[in-house]
S.K.: 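A single structure is presented below for examination.
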Amino acid sequence: MITGKIRAERAAIIEMEVIGLNQRAKIEAILDTGFTSHLTLPGFLIDHLKLPRIGTRRTIIAHGRAVFLNLYLAKVIWHGRERNIEVLQTDKQPLVGMALLRGSRLTLDVVPDGDVTITALP
């Protein structure tokens with residue numbers, strides 16, 4: 001089970017571990033059900049983890065505008081196991097998207113300091 005909290009600004013936050021070539025990092029990420037990919041990370045963290053770049057991806061951002069973002073490979077610890085994922089580079093706080101949440105049940109107590117729970121579905 002993965003747990004987190006609802007912050008005062010109404011963001012659902014979890015802590016997770018991202019694994020690069022020779023580095024690991026624990027990060028805080030916002031759950032974003034409007035984001036359909038796996039994970040976004042800022043460039044400085046991608047550089048620190050030495051994630052391999054695999055190309056670019058056309059992405060529609062929140063304002064409806066299409067942009068091309070650099071695409072990388074990483075591993076995360078998800079439900080206690082290493083999982084290979086794609087990472088998009090942004091300049092914002094990390095976001096967890098629906099592709100990473102696939103196969104999970106997400107429960108949110110949407111009040112300040114409310115619980116966030118992600119459990120694996122059978």
Side-chain angles (χ1 to χ4, degrees):
M1 177 170 38
I2 299 163
T3 61
K5 289 290 181 185
I6 302 291
R7 293 271 173 87
E9 67 276 8
R10 295 179 293 233
I13 306 286
I14 61 168
E15 187 176 276
M16 59 187 292
E17 189 172 9
V18 183
I19 303 167
L21 290 179
N22 295 315
Q23 300 285 338
R24 292 174 175 248
K26 286 202 178 204
I27 65 165
E28 286 190 341
I30 297 173
L31 301 179
D32 184 350
T33 60
F35 173 46
T36 59
S37 195
H38 291 94
L39 182 68
T40 68
L41 290 175
F44 77 88
L45 192 51
I46 289 170
D47 291 343
H48 171 74
L49 293 169
K50 297 184 180 2
L51 299 181
R53 185 170 177 265
I54 58 170
T56 59
R57 176 165 293 155
R58 183 177 182 272
T59 303
I60 306 296
I61 58 175
H63 304 298
R65 193 179 81 210
V67 296
F68 287 90
L69 299 175
N70 289 328
L71 182 65
Y72 297 85
L73 289 178
K75 291 182 181 183
V76 294
I77 303 299
W78 195 253
H79 297 303
R81 296 185 177 150
E82 281 190 13
R83 181 170 168 184
N84 294 314
I85 64 163
E86 295 179 345
V87 173
L88 290 169
Q89 180 180 345
T90 66
D91 59 354
K92 307 285 184 198
Q93 181 170 355
L95 299 177
V96 169
M98 294 298 284
L100 189 51
L101 290 168
R102 183 182 173 103
S104 301
R105 173 173 286 124
L106 172 62
T107 306
L108 304 172
D109 294 337
V110 187
V111 296
D113 204 36
D115 290 331
V116 173
T117 307
I118 305 168
T119 54
L121 292 172

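Position 1 is the first residue of the sequence; numbering continues from there. These values consider heavy atoms only, across backbone and side chains, with no hydrogens, waters or symmetry-generated copies.
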S.K.: At their closest point, which heavy atom of Val18 faces which heavy atom of Ala74, and how far apart are they?
M.R.: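 Smallest heavy-atom distance, with atoms named: CG1-CB, 4.1 Å.
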
S.K.: Are Leu45 and Leu73 connected, step by step, through hydrophobic side chains (Ile, Leu, Val, Met, Phe, Trp, Tyr) whose heavy atoms are closer than 4.5 Å?
M.R.: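 No.
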
S.K.: In terms of hydrophobic clusters joined by side-chain contacts under 4.5 Å, are Phe35 and Ile46 together?
M.R.: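 In one cluster with Phe35: Ile46, no.
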
S.K.: Looking at CG of Leu101 and CG of Leu106, how far apart are the two atoms once the value is rounded to the nearest 0.5 Å?
M.R.: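 If we round to the nearest 0.5 Å, Leu101:CG and Leu106:CG are 6.0 Å apart.
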
S.K.: Could you give the distance from CG (Leu49) to CG (Leu21), rounded to the nearest 0.5 Å?
M.R.: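 Reported value, rounded in 0.5 Å steps: 9.0 Å.
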
S.K.: Thr40 versus Lys92: any side-chain heavy-atom pair under 4.5 Å?
M.R.: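 Of all side-chain heavy-atom pairs linking Lys92 with Thr40, none is under 4.5 Å.
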
S.K.: Show the nearest heavy-atom pair for residues Gly20 and Leu51, with the distance to one decimal.
M.R.: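 Shortest heavy-atom separation between Gly20 and Leu51 comes out as CA-CD2, 3.6 Å.
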
S.K.: With a 4.5 Å limit on heavy-atom distance, are the side chains of Asp91 and Phe44 in contact?
M.R.: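 Asp91 vs Phe44: side chains apart.
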
S.K.: Counting C-beta onward and ignoring hydrogens, is there a side-chain heavy-atom pair between Met1 and Thr119 closer than 4.5 Å?
M.R.: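 Yes; the side chains approach each other to less than 4.5 Å.
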
S.K.: State plainly whether one hydrophobic cluster holds both Phe68 and Leu95, where clusters connect Ile, Leu, Val, Met, Phe, Trp and Tyr through side-chain heavy atoms under 4.5 angstrom apart.
M.R.: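 No, separate clusters.
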
S.K.: Taking it one step at a time, do Gln93 and Ile13 satisfy side-chain contact (heavy atoms from CB on, under 4.5 Å)?
M.R.: CA-CA 11 Å; Gln93 181 170 355; Ile13 306 286; 4.0 Å; yes

S.K.: Looking only at non-hydrogen atoms, find the nearest pair between Trp78 and Arg83 and report the distance.
M.R.: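 Nearest pair, atom of Trp78 first, then Arg83: CD1-NH1, 3.4 Å.
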
S.K.: With a 4.5 Å limit on heavy-atom distance, are the side chains of Thr56 and Leu71 in contact?
M.R.: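 Of all side-chain heavy-atom pairs linking Leu71 with Thr56, none is under 4.5 Å.
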
S.K.: For the CG atom of Leu31 and the CD1 atom of Ile14, what is their distance to the nearest 0.5 Å?
M.R.: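 Output value for this atom pair is 5.0 Å.
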
S.K.: Do Leu41 and Ile27 make a side-chain contact, defined as non-hydrogen atoms from C-beta onward lying under 4.5 Å apart?
M.R.: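 The answer is yes; the side chains approach within 4.5 Å.
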
S.K.: What pairs of residues pass the side chain to side chain donor-acceptor pair (under 3.5 Å) test when at least one of them lies in residues 95-118, not counting sequence neighbours?
M.R.: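 Every side chain to side chain donor-acceptor pair (under 3.5 Å) pair that includes a residue of residues 95-118, provided the two are not neighbours, is Lys5-Asp115, His79-Ser104.
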
S.K.: Are Leu88 and Ile54 connected in the hydrophobic side-chain network, where two residues link if heavy atoms are under 4.5 Å apart?
M.R.: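 Yes; tracing contacts between hydrophobic side chains, which count when under 4.5 Å, links both residues.
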
S.K.: Could you work out, with salt bridge (Lys or Arg N to Asp or Glu O under 4.0 Å) as the rule, every residue matching Asp47, not counting sequence neighbours?
M.R.: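 Partners of Asp47 by the salt bridge (Lys or Arg N to Asp or Glu O under 4.0 Å) criterion come out as none, since no residue qualifies.
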
S.K.: Can you tell me how far CD of Glu86 sits from CZ of Arg57, rounded to the nearest 0.5 angstrom?
M.R.: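 Nearest 0.5 Å value for the CZ-CD distance: 4.0 Å.
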
S.K.: Compare all side-chain heavy atoms of Ile6 with those of Val116 and state whether any distance is below 4.5 angstrom.
M.R.: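 Answer yes - side chains close enough.
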
S.K.: Determine whether Leu100 and Met16 make a side-chain contact, defined as any pair of heavy atoms from C-beta on separated by less than 4.5 Å.
M.R.: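 Yes, at least one pair of side-chain atoms sits under 4.5 Å.
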
S.K.: Quick one: which residue pairs count as a side chain to side chain donor-acceptor pair (under 3.5 Å) with a foot in residues 18-32, not counting sequence neighbours?
M.R.: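 Every pair satisfying side chain to side chain donor-acceptor pair (under 3.5 Å) with a residue in residues 18-32: Arg7-Glu28, Glu17-Arg24.
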
S.K.: Any non-hydrogen side-chain atom of Ile77 less than 4.5 Å from a side-chain atom of Glu82?
M.R.: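 Heavy-atom side-chain distance check passes, below 4.5 Å.
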
S.K.: Do Val87 and Ile2 sit in the same hydrophobic cluster, where Ile, Leu, Val, Met, Phe, Trp and Tyr count as joined when their side-chain heavy atoms come under 4.5 Å apart?
M.R.: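 Same cluster.
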
